[in-house]
**Student:** 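Here it is: the structure, laid out below.
Just so you know, ligand 1 is whichever comes first in the structure, and atom 1 is the first atom listed for that ligand.
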Amino acid sequence: MFKTFSAKLAGAQAIVFFALGVGFILATERMFEGRRLLELATDLGIGVVVFSLLAALLVFNFLTRRIRALAVAVDRFRDSGFTQPIRLTSANPTGDDIDRLGAAVQEMSERIAEQLGLLEQTDVRRRELLANVSHDLRTPLASMQGYLETLLLKHGTLPPEEERSYLEVAAKHSERLARLIRDLFQLTKLEAHELKPQCESFPIAELVQDVVEKFQLAADKRGLRLSSELTGQHAQLHADIGMIESVLENLIENAMRHTSAGGVIRVEVVPLEEARVALRVIDTGRGIPSDELPTIFDRYYRVNRGEASDAGSTGLGLAITRHIIDLHGGKIRVESVLGKGTTFSIELPLDADSTVTPSAGAALP
Ligand SMILES: Nc1ncnc2c1ncn2[C@@H]1O[C@H](COP(=O)(O)OP(=O)(O)OP(=O)(O)O)[C@@H](O)[C@H]1O
Ligand SMILES: [Mg+2]
């Protein structure tokens with residue numbers, strides 16, 4: 001009945017006035033009986049004042065109880081460093097003004113605590129990234145510096161073959177440094193949505209074949225069997241050819257790096273329903289532990305940091321890959337069994353003009 005705060009106040013006032021009125025009528029009756037006008041008027045005056053004061057105090061106390069509880073909760077929220085959101089028993093978004101105010105403050109406190117948590121997480125990740133980047137930049141830089149200083153110190157005294165090998169090592173480290181900086185630059189631009197794909201139509205099977213051929217020699221040298229299986233010969237993508245090529249390169253490079261001699265790496269192109277195509281890179285390598293799979297696409301993530309950084313990897317490849325696939329409206333997924341092998345599957349939309357027959361039951365879930 002008394003929905004709003006002002007209605008409650010009006011109700012309380014009406015009760016007080018009603019009580020005063022009853023008191024006045026009773027007093028007036030007695031006054032006419034006993035003719036004690038002055039005495040009664042004084043008594044009545046004092047009574048009315050005392051009663052009004054007490055009633056006002058009670059009403060005020062009753063009505064401000066929830067506001068005081070809210071103030072205490074806000075103080076507690078501030079004391080917790082804005083991390084523990086307010087919990088009010090009277091917060092009711094469909095109640096009176098004070099209930100709604102409580103509900104709004106409670107919701108605001110939840111949002112503030114959530115945003116603060118996110119900010120903290122971002123800050124931790126930023127610091128981790130900075131530490132990782134500094135470490136990875138410092139390592140090749142320090143090696144390069146060491147070799148170049150030795151060359152300068154021993155200039156003219158070193159046999160030519162030794163001098164050349166020092167120069168080769170320094171060049172290898174500078175190459176690694178350049179790659180790391182290039183990848184970081186690309187990832188930062190992708191994350192900031194500053195890199196726009198230069199899309200064109202091309203047959204995906206041809207690109208896969210070219211990339212596989214590029215790695216064939218290296219695979220042979222390492223005793224790996226690298227092959228491609230191309231079912232969608234006419235499947236056309238409308239995509240940035242350079243970006244898709246770098247995605248394939250990273251996945252094949254990863255597969256080769258983590259598969260030992262005698263292992264098999266297969267790259268598949270399979271047309272799917274709804275004008276989409278699947279690209280798969282399947283290896284029989286060492287696999288990825290299941291608890292590490294959810295973090296595999298995070299930037300700077302490596303299953304074994306020390307080992308991978310020696311092998312010349314930057315740990316940014318899959319993060320870049322995922323951003324590129326997102327940018328093209330696709331999906332990427334990984335399945336892996338430790339000690340048995342890993343499959344990376346990518347699903348991409350085909351060019352609108354591309355007509356291919358889909359292979360049954362090949363879509364990503
Ligand atoms: N096919 C695979 N088999 C086993 N582990 C893999 C495979 N692919 C990726 N990984 C694991 O995931 C990590 C992240 O891969 P990612 O491509 O992002 O980085 P990287 O290969 O270490 O460095 P980069 O690609 O920048 O040179 C790798 O370090 C490796 O530990
Ligand atoms: Mg990689």
**Student:** Among I241, L279, V212, L237, which residue meets the side-chain contact (heavy atoms from CB on, under 4.5 Å) test with L207?
**Tutor:** I241
**Student:** Aromatic rings F82 and F77: how do their planes relate, parallel, tilted or perpendicular, breaks at 30° and 60°?
**Tutor:** perpendicular
**Student:** Enumerate the atoms of ligand 1 whose separation from the nearest heavy atom of T342 is less than 4.0 angstrom.
**Tutor:** 1 (N), 3 (N)
**Student:** Taking side chain to side chain donor-acceptor pair (under 3.5 Å) as the definition, give me every residue that meets it alongside N250, ordered by chain and number, with sequence neighbours left out.
**Tutor:** T321
**Student:** At less than 4.0 angstrom from any non-hydrogen atom of N250, what atoms of ligand 1 do you find?
**Tutor:** 17 (O), 25 (O)
**Student:** Pull out every atom of ligand 1 sitting under 4.0 Å from any heavy atom of I296, numbered as shown with elements.
**Tutor:** 11 (C), 12 (O)
**Student:** What are the two closest non-hydrogen atoms of L148 and A170, and how far apart are they?
**Tutor:** CD2-CB, 4.2 Å
**Student:** Please identify which of these residues, V270, V269, V267, meets the side-chain contact (heavy atoms from CB on, under 4.5 Å) condition with R280.
**Tutor:** V270
**Student:** Should E253 be listed as contacting ligand 1, given a heavy-atom distance under 4.0 Å as the test?
**Tutor:** no
**Student:** Would you name the heavy atoms of E110 and P85 that are closest together and state the gap between them?
**Tutor:** CG-CB, 3.7 Å
**Student:** Among H258, R179, R176, R286, which residue places a heavy atom closest to atom 27 (O) of ligand 1?
**Tutor:** R179
**Student:** Going by heavy atoms, is F297 under 4.0 Å from ligand 1?
**Tutor:** no
**Student:** Does any N or O atom in G317 lie less than 3.5 angstrom from one in ligand 1, N or O only?
**Tutor:** yes
**Student:** What I want to know is whether L316 and ligand 1 share at least one N or O pair that is separated by under 3.5 angstrom.
**Tutor:** yes
**Student:** Please work out, at 4.0 Å between heavy atoms, whether the side chain, the backbone, both, or neither of I320 comes within that distance of ligand 1.
**Tutor:** neither
**Student:** For L130, what are the other residues in its hydrophobic cluster, where any two members join if their side-chain heavy atoms are less than 4.5 angstrom apart?
**Tutor:** none
